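Since this is a predicted model, take the numbers as computed values, not measurements.
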Amino acid sequence: MVTSTWKRYVYPCWKPTLDNEGENSSSRGGDPGGSVDGLWWYKDLGHHVNGEFSMAVIQANNILEDQSQLESGSMSLIEAGPQGTFVGIYDGHAGAEAARFINGRLFENVKKFTSEDQVMSADVISKAYLATEEEFLSLVRNQWQTRPQIASVGSCCLVGIICSGMLYIANAGDSRAVLGKRERALKEVKAVQLSSEHNASLESVREELRSLHPDDPNVVVLKHKVWRVKGIIQVSRSIGDAYLKRAEFNREPLLPKFRFPGTFQKPILLAEPSIFVQKLLPEDQFLIFASDGLWEHLSNQEAVDIVSSCEHHGIARKLIKAALQEAAKKREMRYADLKRIDRGVRRHFHDDITVIVLFLDSHLISRSSFRAPVVSIKGGGGP
């Protein structure tokens, strides 16, 4: 059935432009590095080892806390190592430092451990997460005396890797990866969520926290009708958030809103990701990776319907625009009025939103020895 919501999103796909958004954009580092237009950053279409991709970011905070990257080519430090595509979505909170750090270190750690093990695996990815976590906590410790607020900065971390015909999805936090899978019998593309989310709003996450911390009755608290870890933060897994990982940072001069009474012996938040692995099949059409700012306004199936019904070029921006239209509707305002609101104030209407869409070419995926040009791009144009 074609819903009115679906029509509202899909019909604009047949227009040649995005309401002129981006037509007068300036380019940061040329087209290979994406384009900037006001609060937008985007790379409308590019090629990775296994197909095409589209990326986009819209800023809402005073400082962009979402970071992202796409790396395509070698997945190890060894030239003869496996080829593939790496996608990372890093949704920062309390600042951008952790997300930026991950953007510079996580993929390097993946390549390091792939080289050591000589193969891509879930264990390689897990070790890369934990190594990146330890590196960031060391940075926090080194800067604690001069920049104590860095102990409160953290980031969700969603990674997708396609390598040797296999798909790896790793997640710590509440970003999400969704597969668009063609159902031949029904002649439609079905949304399949591949990532596990770690948010205290989910009862399963609250149960996990209580089982890990049986002696702490306040490990998860309902505050202003929202479940929060220690009454402070919603996510239960992240990289960073040192004040919830090491008791030495749960004290002055950290701001009072991040401190809580008592101490703890083991980390309250985990950095270890949930990892999903599956072989890619010809009916697997595309993957949508996005920070929770998108999923707050679009369901998995709505997002998949948009991607499956539109051309590849600019599809990441179209997804974000659909989410912004919903955000405006919820506040009983026009999208045109929302577009005029500047960063900072924008955060009252929607979060920073990052989207990466990977289109999957089954012929390229099956060519495990294929050597395509190296692609390395950071969403938002960051270093």
Side-chain angles (χ1 to χ4, degrees), residues 28-34 41-57 66-91 99-117 119-122 124-129 131-132 135 155-172 175 177 239 273 275 280 286-291 316 354-361 364-365 367-383:
R28 183 179 292 167
D31 183 63
W41 175 94
Y42 56 91
K43 170 73 174 176
D44 277 339
L45 193 66
H47 295 270
H48 63 105
V49 171
N50 301 289
E52 295 180 326
F53 71 89
S54 179
M55 299 174 66
V57 180
D66 274 15
Q67 298 289 307
S68 56
Q69 68 185 123
L70 183 143
E71 311 285 342
S72 195
S74 179
M75 294 289 107
S76 80
L77 300 173
I78 303 169
E79 187 176 347
Q83 299 283 301
T85 299
F86 173 102
V87 167
I89 303 277
Y90 318 125
D91 182 359
R100 289 173 180 168
F101 186 89
I102 299 165
N103 215 6
R105 290 299 306 149
L106 181 59
F107 180 58
E108 296 305 312
N109 281 324
V110 166
K111 289 196 293 184
K112 170 189 170 184
F113 290 114
T114 303
S115 301
E116 290 178 2
D117 292 9
V119 67
M120 178 62 68
S121 68
V124 160
I125 299 167
S126 182
K127 287 191 290 187
Y129 267 68
T132 305
E135 290 170 356
S155 180
C156 299
C157 187
L158 170 66
V159 162
I161 298 175
I162 299 172
C163 189
S164 303
M166 300 298 292
L167 171 65
Y168 303 83
I169 301 290
N171 193 44
S175 296
I239 290 178
I275 301 178
L280 284 170
F286 55 82
L287 293 156
I288 304 171
F289 299 88
S291 54
T354 297
V355 174
I356 301 177
V357 181
L358 280 189
F359 294 98
L360 306 174
D361 185 323
L364 293 177
I365 291 169
R367 295 167 63 185
S368 58
S369 62
F370 178 61
R371 290 292 190 270
V374 173
V375 178
S376 179
I377 186 168
K378 308 281 191 182

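- Taking CG of L70 as the start and CD1 of I377 as the end, the distance is 7.5 Å to the nearest 0.5 Å.
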- Does the side-chain contact (heavy atoms from CB on, under 4.5 Å) test come out yes or no for E71 and K378, once each step is laid out? CA-CA 9 Å; E71 311 285 342; K378 308 281 191 182; 4.0 Å; yes
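- Considering only heavy atoms from C-beta on, L158 stays 4.5 Å or farther from D91 through its side chain.
- Across all their heavy atoms, K127 and F113 have their closest contact at O-CE1, 3.6 Å.
- Listed here is the closest heavy atom pair of V124 and V110: CG1-O, 3.7 Å.
- Atom CD1 of I161 sits about 4.0 Å away from atom CE of M120, to the nearest 0.5 Å.
- Under the side chain to side chain donor-acceptor pair (under 3.5 Å) criterion, S155 pairs with no residue, sequence neighbours left out.
- Y129 meets the ring pair (Phe, Tyr, Trp, His ring centres under 6.0 Å) test with no other residue; sequence neighbours excluded.
- In this structure, F101 and Q67 have side chains that are not in contact, with every pair of non-hydrogen atoms separated by 4.5 Å or more.
- When all heavy atoms of C157 and I239 are compared, the pair lying nearest together is SG-CD1, 4.1 Å.
- A heavy-atom distance below 4.5 Å is found between the side chains of I162 and L360.
- A distance of 7.0 Å separates CD1 of I89 from CE of M55, quoted to the nearest 0.5 Å.
- In summary, K111 and E108 engage in a salt bridge, as defined by a charged side-chain N under 4.0 Å from a carboxylate O.
- Of all heavy-atom pairs spanning A170 and I275, the tightest one is CB-CG1, 3.9 Å.
- At least one side-chain heavy atom of S74 sits less than 4.5 Å from a side-chain heavy atom of Q83.
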- Task: Start with the C-alpha distance between N109 and T132, add both sets of side-chain angles, then the distance that settles side chain to side chain donor-acceptor pair (under 3.5 Å), and finish with yes or no.
- Result: CA-CA 7 Å; N109 281 324; T132 305; 2.9 Å; yes
- Item | From CA spacing to verdict: side-chain contact (heavy atoms from CB on, under 4.5 Å), L287, V87 | CA-CA 10 Å; L287 293 156; V87 167; over 6 Å; no
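- Heavy-atom minimum distance, S76 versus T114: CB-CG2, 3.8 Å.
- Looking at every heavy atom in both residues, A290 comes nearest to V355 through CB-CG2, 3.9 Å.
- Remark: E52 CD to D44 CG distance equals 12.0 Å, nearest 0.5 Å.
- Under the side chain to side chain donor-acceptor pair (under 3.5 Å) criterion, T85 pairs with H48, N50, S72, sequence neighbours left out.
- Note: I102 CD1 to S68 OG = 12.0 Å, rounded to the nearest 0.5 Å.
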- Query: Going through the checks in order, is the side-chain contact (heavy atoms from CB on, under 4.5 Å) test met by F53 and V375?
  - Reply: CA-CA 11 Å; F53 71 89; V375 178; 4.2 Å; yes
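- Note that OG of S175 and OH of Y90 are 10.5 Å apart. Values are rounded to the nearest 0.5 Å.
- Between D66 and T354, the side chains place a donor N or O and an acceptor N or O closer than 3.5 Å (distance only, hydrogens not considered).
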